[in-house]
Engineer: 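This is the structure I have questions about; it appears just below.
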Amino acid sequence: MTALPAKATTPPDPTDSRRRDADYIFHELTRSICPKCRKVIDAKILLRDNKVYMSKRCPDCGPFIALVYGDATAYTALARFNKPGTIPHTHGTAVDRGCPHDCGLCPEHEQHACLGIIEVNSTCNMDCPLCFADARPGFNLTLEEVEQMLDDFVKSEGAPEVVQFSGGEPTVHPQIIDFVRAAKSRNIRFVMLNTNGRRIARDDRFLEQLNEVRPAFYFQFDGFDPETYRIIRGEPDILEEKLRALDRLAAIGLSVTLVPAIERGVNEHEVGRIVDFAIRHPAVRGITFQPAFHAGRHIEHDPMNRMTIPDIVRLIEEQTSGKFVASDFVPVPCCFPTCNAVTYAFVEGEVVTPLPRILNVEDYLDYLTNRVVPDFDLEIKRALEGLWSSSSVAGSPKSVQDLALSCEACGLAPTSTMGELANNMIMIMLQDFMDPWTMNQKNLMKCCKEFLLPGGRQIPFCAYNTVGYREQARAQLDAMEPERRRARREGRPYEPRPVVFDFGTQR
């Protein structure tokens with residue numbers, strides 16, 4: 001077959017008015033992964049219609065685009081909150097293949113671990129349609145493994161701020177109380193349990209044990225409507241059980257941070273009601289709203305229409321009748337500033353006073369323009385850095401002390417005791433995790449929330465759940481379970497084995 005002749009062409013006319021600008025601004029180039037094959041690929045960050053998108057093309061799987069942030073103006077302005085990173089005492093790995101396949105933490109990671117997470121089991125007493133951990137029967141860590149992981153955490157951090165025991169559902173692990181004791185014996189400042197609340201609502205003896213060791217709680221709470229719980233948790237009638245668990249924790253004076261996963265088209269109408277509930281409930285010291293991210297087990301979603309931090313901030317403003325407004329929320333500087341935002345407020349009856357309205361928090365947390373604060377303000381700056389940190393736990397003695405010191409800068413030195421101040425303050429945090437559609441290597445390198453693993457490795461949260469670390473770790477931890485059971489039956493200590501990773505030629 002004879003090829004068709006090429007069409008004659010003429011040079012382009014520079015005055016041709018038919019040329020058009022792109023409908024977006026190319027903001028930056030980064031690295032990401034393919035949502036299908038997980039290969040590391042280039043990605044563009046694009047600004048369009050005051051929103052931020054990630055566009056990328058996998059040579060094998062084709063193009064992908066996803067919404068990253070719902071306010072491009074804020075996204076580009078938040079660089080001033082990017083605090084210099086803190087180097088850990090030790091690193092768990094060397095630089096070999098490069099980010100994101102050298103976790104962790106490798107010497108090229110830009111931040112230490114503000115918060116360490118230990119998944120003590122893979123089993124859960126619920127079967128949620130939305131579960132980034134993809135919880136199912138598999139493994140239960142031994143005390144020897146957990147103690148080794150805690151020791152490694154202390155070695156890398158010196159004096160760790162926060163450890164969270166997660167799962168699965170950590171409260172169903174038969175040694176969870178021992179794990180809490182082990183963490184507290186190592187002078188880790190704050191110990192938390194991530195929980196759905198089911199065992200707390202049902203088990204009186206377990207409640208007594210919790211009262212003895214007194215952890216704080218990161219408590220799954222997505223709203224009030226049965227339809228919300230049917231879609232997100234697979235159980236439309238679970239609210240009463242959750243309220244019972246919260247009331248039982250309040251009765252023994254334990255502190256709770258509510259953790260609602262907000263999914264587009266499911267429970268966005270409940271945001272304001274959750275805030276009002278948190279302000280009133282005696283156990284609740286804070287809320288961490290999480291825009292639903294789609295890693296692990298998740299429901300159908302549109303990557304171009306996902307929830308982001310600015311979307312939830314707008315919902316809070318609209319649904320709380322001005323109790324909180326967008327300017328009350330300031331980015332968290334220890335991670336990349338678009339990953340977190342937080343505010344604190346004093347609650348006196350029906351009056352809610354967010355701290356940023358009486359103290360210019362931004363002046364103290366602006367690192368790019370390097371505003372010079374007087375020497376007497378350095379303590380205030382350190383206190384605010386403590387509050388605006390991923391290691392801050394709502395209602396903890398440290399957060400209350402930092403808040404009290406901040407009050408002095410406002411001319412509002414509290415006359416209340418620390419206990420009264422804790423009971424009259426609320427923290428609202430927004431935490432956006434990345435999934436395979438939105439994973440940004442730049443953000444990943446500043447992550448300060450790490451999964452702790454046997455052998456000393458610390459894997460950044462969003463790498464663990466998107467790049468392929470979780471799948472490899474789960475396979476190894478599950479495979480170790482028969483030996484754990486033998487050690488328990490024979491009454492001998494279990495010898496921990498390290499978790500290792502191999503990404504082969506995946507680059």
Side-chain angles (χ1 to χ4, degrees), residues 74 77-78 80-81 83 255 257 271-272 274-276 278-281 284-289 309-310 312-334 337 340-430:
L78 295 182
R80 68 189 189 277
F81 296 104
K83 182 178 184 288
S255 298
T257 297
V271 166
I274 293 170
V275 172
D276 289 337
I279 289 172
R280 294 193 309 271
H281 197 282
V284 178
R285 298 290 176 265
I287 316 168
T288 297
F289 286 105
I309 285 176
I312 296 181
V313 168
R314 281 191 288 268
L315 293 172
I316 292 172
E317 183 167 346
E318 291 167 4
Q319 296 177 21
T320 62
S321 303
K323 285 190 182 77
F324 295 93
V325 298
S327 58
D328 296 329
F329 293 88
V330 178
V332 172
C334 56
N340 278 70
V342 70
T343 194
Y344 295 81
F346 303 100
V347 180
E348 298 176 289
E350 295 299 312
V351 179
V352 177
T353 308
L355 181 60
R357 296 190 197 178
I358 53 178
L359 174 65
N360 194 341
V361 174
E362 293 190 12
D363 276 352
Y364 291 90
L365 300 183
D366 185 338
Y367 299 93
L368 187 63
T369 58
N370 197 25
R371 291 191 176 102
V372 178
V373 297
D375 288 345
F376 64 83
D377 276 356
L378 288 177
E379 275 194 277
I380 307 300
K381 180 182 177 70
R382 292 191 189 100
L384 291 171
E385 286 179 342
L387 289 170
W388 265 262
S389 165
S390 294
S391 65
S392 183
V393 177
S396 69
K398 182 178 182 298
S399 68
V400 175
Q401 186 174 27
D402 287 339
L403 193 65
L405 185 55
S406 302
C407 291
E408 295 181 13
C410 322
L412 295 176
T415 56
S416 307
T417 66
M418 287 296 185
E420 290 170 334
L421 186 59
N423 291 334
N424 289 281
M425 86 176 212
I426 188 81
M427 179 190 82
I428 302 179
M429 180 175 281
L430 301 106

Engineer: Without swapping roles, check the side chain of Thr343 against the backbone of Asp328 for a donor-acceptor pair under 3.5 Å.
Structural biologist: yes

Engineer: With rounding to the nearest 0.5 Å, note down the distance linking CD1 in Ile274 to CD1 in Ile279.
Structural biologist: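 Ile274 CD1 to Ile279 CD1: 12.5 Å, rounded to 0.5 Å.
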
Engineer: About how many Å separate CZ of Arg357 and CG of Leu355, when rounded to the nearest 0.5 Å?
Structural biologist: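 Separation between the atoms: 11.0 Å.
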
Engineer: Kindly indicate whether the side chain of Thr257, heavy atoms from C-beta on, has any atom under 4.5 Å from the side chain of Met429.
Structural biologist: no

Engineer: Which residue in the set Val342, Thr288, Ile316 passes side-chain contact (heavy atoms from CB on, under 4.5 Å) when paired with Ile428?
Structural biologist: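 Answer after filtering Val342, Thr288, Ile316: Ile316.
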
Engineer: Roughly how far apart are Arg285 CZ and Asn424 CG, rounded to 0.5 Å?
Structural biologist: 9.0 Å

Engineer: How long is the gap from CD on Gln319 to CD1 on Ile312, to the nearest 0.5 Å?
Structural biologist: 10.5 Å

Engineer: Drop me the distance from Thr320's OG1 to Leu315's CG, to the nearest 0.5 angstrom.
Structural biologist: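 It comes to 10.5 Å.
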
Engineer: Considering non-hydrogen atoms only, spot the tightest contact between Tyr344 and Pro356 and give its length.
Structural biologist: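 Nearest heavy atoms, Tyr344 then Pro356: O-CD, 4.0 Å.
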
Engineer: Would you name the heavy atoms of Leu78 and Pro331 that are closest together and state the gap between them?
Structural biologist: CD2-CG, 3.4 Å

Engineer: Answer yes or no: is there a side-chain heavy-atom contact under 4.5 Å between Phe81 and Asn340?
Structural biologist: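 Sidechains of Asn340 and Phe81: no contact.
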
Engineer: Check whether any side-chain heavy atom of Phe329 sits under 4.5 Å from a side-chain heavy atom of Ile309, and report yes or no.
Structural biologist: no

Engineer: Grab the two heavy atoms, one from Lys323 and one from Val352, that are nearest each other, plus how far apart they are.
Structural biologist: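 Closest pair (atom of Lys323, atom of Val352, distance): CD-CG2, 4.0 Å.
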
